[in-house]
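Written out below as structure tokens is the structure these notes cover.
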Amino acid sequence: MKYNEYKQLDYAGLAEEVRAYWKENRIFEKSVETRAGQPTFVFYEGPPSANGAPGIHHVMARAVKDIFCRYKTLQGFQVQRKGGWDTHGLPIELQVEKELGITKEDIGKTISVEEYNARCRETVMRFKDQWDDLTERMGYWVDLNNPYITFENEYIESNWALLKKLYDKGYLYKGYTIQPFSPAAGTGLSSHELNQPGTYRNVKDTSIVAQFKIIHNQKSTFLFEGDMENYFLAWTTTPWTLPANTALAVGKNIKYVQVQTYNPYLFTPITVILAKDLLGKYFSPKAAELDVDDYKAGDKLIPFKVIGEFTGEELAGIQYEQLMPYVQPDPEKPAFRVIIGDFVTTEDGTGIVHISPTFGADDFRVAAQNNIPPLLVTDENGKPSPLVNRQGRFVKEVTDFAGMPVKNYDGLDENAADYKSTDVLIAIKLKEEGKAFKVEKYEHSYPHCWRTDKPVLYYPLDSWFIKTTAVKARLIELNKTINWKPESTGSGRFGNWLENLVDWNLSRSRYWGTPLPIWRTEEGDEEICIGSVKELDREIERAIAAGVMTENPLRKAAGASTKPTAPQEDESLLDKAEDLVKSLVGADDENAQFQLPDFDYKGFDLHRPYVDNIVLVSKSGKPMRRELDLIDVWFDSGAMPYAQWHYPFENKDIFNANFPADFIAEGVDQTRGWFFTLHALAVMLEDSVAFKNVIANGLVLDKNGNKMSKRLGNAIDPFETIGRFGPDATRWYMIVNAPPWDNLKFNLDGVTEIQRRFFGTLQNTYSFFALYANLDGFTLGGEEIPVAQRTESDRWIISRLNTLVKEVAGFYDDYDPTKAARAIQEFVADELSNWYVRLNRKRFWKGEVNQDKTAAYQTLYTCLETVAKLASPIAPFYMDRLFLDLNRVSGRSKSESIHLELFPQVQQDLIDTDLEQRMQLAQNVSSLVHSLRKKHTIKVRQPLSRILVPILDEKMKTQLQGVEDLILSEVNVKNLEYLEDTTGILVKKIKPNFKRLGQVFGPKLKLVAAQIQQMGQEDIAKMEREGFFEIALGEDETTVLSREDVEIMSEDIPGWLVASEGALTVALDVNITEELKQEGIARELVNRLQNLRKDSGLEVQDKIRVILQEGNAEVAAAVQSFGQYISEEVQALELNLVPTIAEADATVLDMDGFTLPVRIEVAR
RNA sequence: GGGCUUGUAGCUCAGGUGGUUAGAGCGCUACACUGAUAAUGUAGAGGUCCGUGGUUCGAGUCCACGCAGGCCCA
């Protein structure tokens, strides 16, 4: 049997063949099955959404996942990889709306929720085929046949079970927060929506510095002197929030001043309080000269005088008059006071911040902390509501502005001469009342609704929350046990996020997602959280009994309200189910007694609108309706460790064996997404981490470092790339180029380079092996020659190989695939191909198979096979082919694929560091000799007599002796001489050892260094001889330097050609004797004849006869002396000199200075 | 605006705990080699180590402040 030889390798085609082979032989399945019973390595697949086409960045992310799953499989672990699909959420809704040309307002009007959701369900898997195709083509091994899908009833039911568990622990509550809200669209906006391009725009708004009149009482009396109009100045860019003001915030340690001055619009004398740092913003330095008492109404320059200074702390608690008294707050609570706010700065404004708890997130928080009430009115439904309604208009209680939109929601022309925004009207009113200190246009960035283009308001909205803050300390503690790659993402981005944790806002006002399983009475005084379909069924039956519902949708669709009780196996299932329900909802008697039907999960739908139609009955007999919210889709993905197995309803064992994950990987943008929700749920539900190791990978940018986007046309099509370069080069490039957590600048030229440089070199090496192994009929079937009996270079490459195995395993274990790939690549290119193979070429093609030749084959085979294994996690297709090509002939392994093999074990005893050093020395010496030859244009084919190496110590000598032959043959020199006593022969150079001397002499180092550099040859020799040297240090101080304080290097050997690198120096004798010259000509002749053989199309193994024309004395002499050598090299059976060769038969060789007619013929 | 992160040759990247001449590969130029040959070897050109200050005898490396790109969050 022969090794496969390839004329020209088509990497993409090869991958397709291997893919077909894997499929046909179920290699992936076997890679899991054959590890049954072995320790497991748990991997979680972060579910992608299939509603868009996959991009090149997905190849990157999935390559990272795949690499470690394959690596762990090679190490003998069983690695199950369940695929999954993220199917809920806003992007899908948006896509459907776009396709149908509708907006959210149409839902329930022009399209039913039912139709809408049906459409979402269909859309979400639209690109599944493309995804599956890419997954296979790029070689990402994941189970696509049994994926978890987040919209399935079982998945939702698991979510409900988890929510119920959180509910029972008291972690689920209803509250309200200030959220971005679009009155024009009538909906709250997610941060995702707010991050759409173009939402933040620079707009010019009317800003007001308002005057809040201080109430003179005991608390504030220190601010008053006689009869004064005393005000706080507070700045706002949203004047429409002023009617809702209930507090002012100051910075605790900020310095404030009281200033005597005049109102710039009414010219009345006042005093105002503002931050000292901001004084210059409102008062001109020119006015400081003026006397405050000289002011006349209407003067441009308003004088001022600082009459007091206080800290924020001193101002806290002072009361002021309500600025715009339309609505009164809860009289029980202390409104209109100064409070301390940690967010107050003196960056802009006045250092005093106006607080309206209903219209700002900070305001809301700080008000709650200080028991400051919001301003609320009662709406037409009798519910409390803020002063601005959901249409963005003032409620009727704000009489002057009732019905007016707080932003331009009527689409009026803002450039019209008579246009006055509500903010402007408020400003005018405050000016007239003497409550405005400054009004001006202010340009700032303000968010707009991406759909309606109208400004967003921060507005109080009802929400359900998960009280993650309750377990904050534990979240932080457990996070410290997670191995983050890179570490900074865990401690920095993720760690900080945990430190500043707020409760998880779970609510989404949407249609396509997991419904919140909470039913409430209208008054909200009774509620139930449903934790399973069976529990829901029970409650429905109860509701039917109470007459609140007429039929049970869970049973109706299944076609039978009570399925006939099935025989035994169902019985046990039933028991099991009941146990589970008990464990979930608590084992109350009622539950235990309830007859549970066996459900057909395909027979109903837990989505809206179906669940919304279910009305349950409360303990006191009142109807309960579902809270209309859906839950955050991030809950879906964070719940995947449980819900992917329909846990806790099924697969308890599987879940237990697969929690937590050993490894996950996803984009760094998931830090607050999937990484967080996984972590939060695991800590709250299981008091555990969800994953032990995580790679947060960076982005894939275009070659110029710009974000890829379809719009810019710089997006790389993954199918095209893989189709052109094959998956292996694509993956290798992505991994080797930058660590996964750095952004990758993706350049197709880089992939080409990898293909040439790495795969090309490796393939060349294999081809070389295959070519000669086939010629020799070598199959590797025989006995392994003990490594100790192989040549120096064999033992060297095997030593390097084992070092490589050790390194690569270490890098993989450290989740650093880039370093692994770089180490492998360097080994293949520099050591295996450019050194080992180059030096040993002759052993492969010369002579008959003997022990030396066999050793060479075996060594190279081992290298190729081991490299294939090391690299197989990253380049799975090519390496499998390489492995199979080798193994098919050698039969060394019974595995059908490299991916069923075990990772190579380091053979520590084969690592010989001395030998590795030795070879390094050989490479360095050779490199220096080559460079000398080059400098003096002496061809490598011209043999030279000797090189001279000054040796530094005994070790170096032994080391060099070990590689002497190798060096000599590599550089074509006859002898290597060692120079031991170098005094007088070598010109030396001395250099201070800065690291050592710096520590001793510190500031005097410069002095010492100068002295050392002035040392002459005599001084250096003295130092070497005696081991120390005395130098002057300043006036009359001296110091003694030891040998370790300096580095001494040889620089030159007079009369020789010398080159040096570091401490290594090489001298070359370039005298060419007559004999050397003859040998040089012999070699030239060999070279020309070899070329001639090749040009004549002879096969490698053909034997020839050579006829040379007489006439050149040098040639004659060379043939005389080196005839046998020449014949051997060119495989000539005869080598003859003849007087003349007929011109027609002759080839004239150009011998660099003369010509030589020659004829060769095949000897058969 | 805040957090994290990146910035070293034309390009892609290395440069433990500070040590004086900052490296590699690719690309470019020149030469060599020619039984691995769409390979290979040798040499050369190419650097304000993003900027500015600071610490230090000494800073690509440590500190501060900036600038530019990226991500996340406001």
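Any value given below was found using the heavy atoms of this structure, including those in side chains, with hydrogens, waters and symmetry copies removed. Naming convention: chains lettered A, B, ... in sequence-line order (proteins, then strands); numbering from 1 in each chain.
Rounded to a whole angstrom, the distance from the P atom of B:rC63 to that of B:rU21 is 25 Å. Using P as the reference atom, B:rU52 and B:rA45 are 26 Å apart when rounded to the nearest Å. For the C1' atom pair drawn from B:rU37 and B:rG19, the interatomic distance equals 46 Å after rounding to whole Å. Nucleotides B:rC62 and B:rC49, compared at atom P, are 16 Å apart to the nearest Å. Rounded to the nearest Å, the gap between the C1' atom of B:rG47 and that of B:rC13 is 15 Å. Distance noted for atom C1' between B:rG7 and B:rG51: 11 Å (whole Å).
Remark: the A:Arg822 side chain and the B:rC13 base include no donor-acceptor N/O pair separated by less than 3.5 Å.
The CG atom of A:Asn764 sits 8 Å away from the P atom of B:rU40 (whole-angstrom rounding). In this structure, the CE atom of A:Met734 is 13 Å from the P atom of B:rC13, given to the nearest Å. Nucleotide B:rA36 holds its P atom 11 Å from the NZ atom of A:Lys842, rounded to whole Å. One can place CG of A:Leu762 at 13 Å from C1' of B:rA36, the figure rounded to the nearest angstrom. The OH atom of A:Tyr857 sits 13 Å away from the P atom of B:rA36 (whole-angstrom rounding). As rounded to whole Å, 15 Å separates atom C1' of B:rC73 from atom CG of A:Asn505. The interatomic distance linking A:Trp497 (CH2) with B:rG2 (C1') rounds to 13 Å, in whole Å. Atoms CG (A:Asp742) and P (B:rA14) sit 7 Å apart, rounded to a whole Å.
For A:Lys995, taking side-chain heavy atoms from C-beta onward, the closest of the listed nucleotides B:rA39, B:rG19, B:rC71 is B:rG19. Which of B:rA36, B:rG3, B:rG70 sits closest to the side chain of A:Asn496 comes down to B:rG3. Listed nucleotides B:rG70, B:rC73, B:rG3 differ in distance to A:Arg672; the shortest reach to its side chain belongs to B:rC73.
The residues A:Glu1079 and A:Arg1083 are annotated as salt-bridged, a charged nitrogen and a carboxylate oxygen being separated by less than 4.0 angstrom.
A:Gly998 comes within contact range of at least one nucleobase, with a heavy-atom separation under 4.0 Å. Within 4.0 Å (heavy atoms only), A:Ser488 reaches sugar-phosphate atoms of the nucleic acid but no base atom. At the heavy-atom level, A:Asn993 lies nowhere under 4.0 Å from the strands shown. Nucleic acid contact for A:Ser833: base, since at least one base atom lies under 4.0 Å from a heavy atom of the residue.
Of all nucleotides present, only B:rC73 satisfies the Watson-Crick or G-U wobble test against B:rG1, with each distance under 3.5 Å. The pairing partner recorded for B:rU21 is none, the criterion being a Watson-Crick or G-U wobble arrangement whose two distances lie under 3.5 angstrom. The partner of B:rG60 cannot be assigned: no Watson-Crick or G-U wobble pair with both contacts below 3.5 Å exists in any strand. Remark: B:rA68 base-pairs with B:rU6; criterion is Watson-Crick or G-U wobble with both hydrogen-bond distances under 3.5 Å. Remark: B:rC49 base-pairs with no nucleotide in the shown strands. Criterion, Watson-Crick or G-U wobble with two distances under 3.5 Å. Under the Watson-Crick or G-U wobble criterion, with both distances below 3.5 Å, B:rA43 is paired with B:rU29.
Within the 4.0 Å cut-off from OP1 or OP2 of B:rG41, at least one side-chain nitrogen or oxygen of A:Asn834 is found. Phosphate proximity of B:rA36 to A:Arg841: present, with a side-chain N or O under 4.0 Å from OP1 or OP2.
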Atom pairs, protein N/O to nucleotides 59-68 of chain B N/O, distance under 3.5 Å:
none

Would you tabulate the nitrogen or oxygen pairs shorter than 3.5 Å linking the protein to nucleotides 7-12 of chain B?
from	atom 1	to	atom 2	distance (Å)
B:rU12	OP1	A:Lys745	NZ	3.4
B:rU12	O3'	A:Asn737	ND2	3.4
B:rU12	O2'	A:Asn737	OD1	2.2
B:rU12	O2'	A:Asn737	ND2	3.2

What pairs of nitrogen or oxygen atoms, one from the protein and one from nucleotides 21-28 of chain B, lie under 3.5 Å apart?
from	atom 1	to	atom 2	distance (Å)
B:rU21	O4	A:Lys989	NZ	3.1
B:rG25	O2'	A:Arg757	NE	2.9
B:rG25	O2'	A:Arg757	NH1	3.3
B:rG25	O2'	A:Arg757	NH2	3.3
B:rC26	O4'	A:Glu753	OE2	3.3
B:rC26	O2'	A:Glu753	OE1	3.3
B:rG27	OP1	A:Arg756	NH2	3.3

Listed pairs, N/O of protein and of nucleotides 54-56 of chain B, under 3.5 Å:
none

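With ring centers used as reference points, A:Trp484 lies under 6.0 Å from A:Phe675.
In this structure, A:Ser833 contributes its side chain and A:Thr761 its backbone to no donor-acceptor pair below 3.5 Å.
Between atom CG of residue A:Asn993 and atom CD1 of residue A:Ile1012 there is a gap of 9.0 Å, rounded to the nearest 0.5 Å.
No side-chain heavy atom of A:Trp497 sits less than 4.5 Å from a side-chain heavy atom of A:Thr671.
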With a 3.5 Å cut-off and sequence neighbours excluded, list the donor-acceptor pairs that the side chains of residues 737-751 of chain A form with protein atoms.
from	atom 1	to	atom 2	distance (Å)
A:Asn743	OD1	A:Leu699	N	2.9
A:Asn747	OD1	A:Asp749	N	3.1

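Scored by the ring pair (Phe, Tyr, Trp, His ring centres under 6.0 Å) test, A:Tyr857 finds A:Phe769, A:Phe778, A:Phe844 as partners (sequence neighbours excluded).
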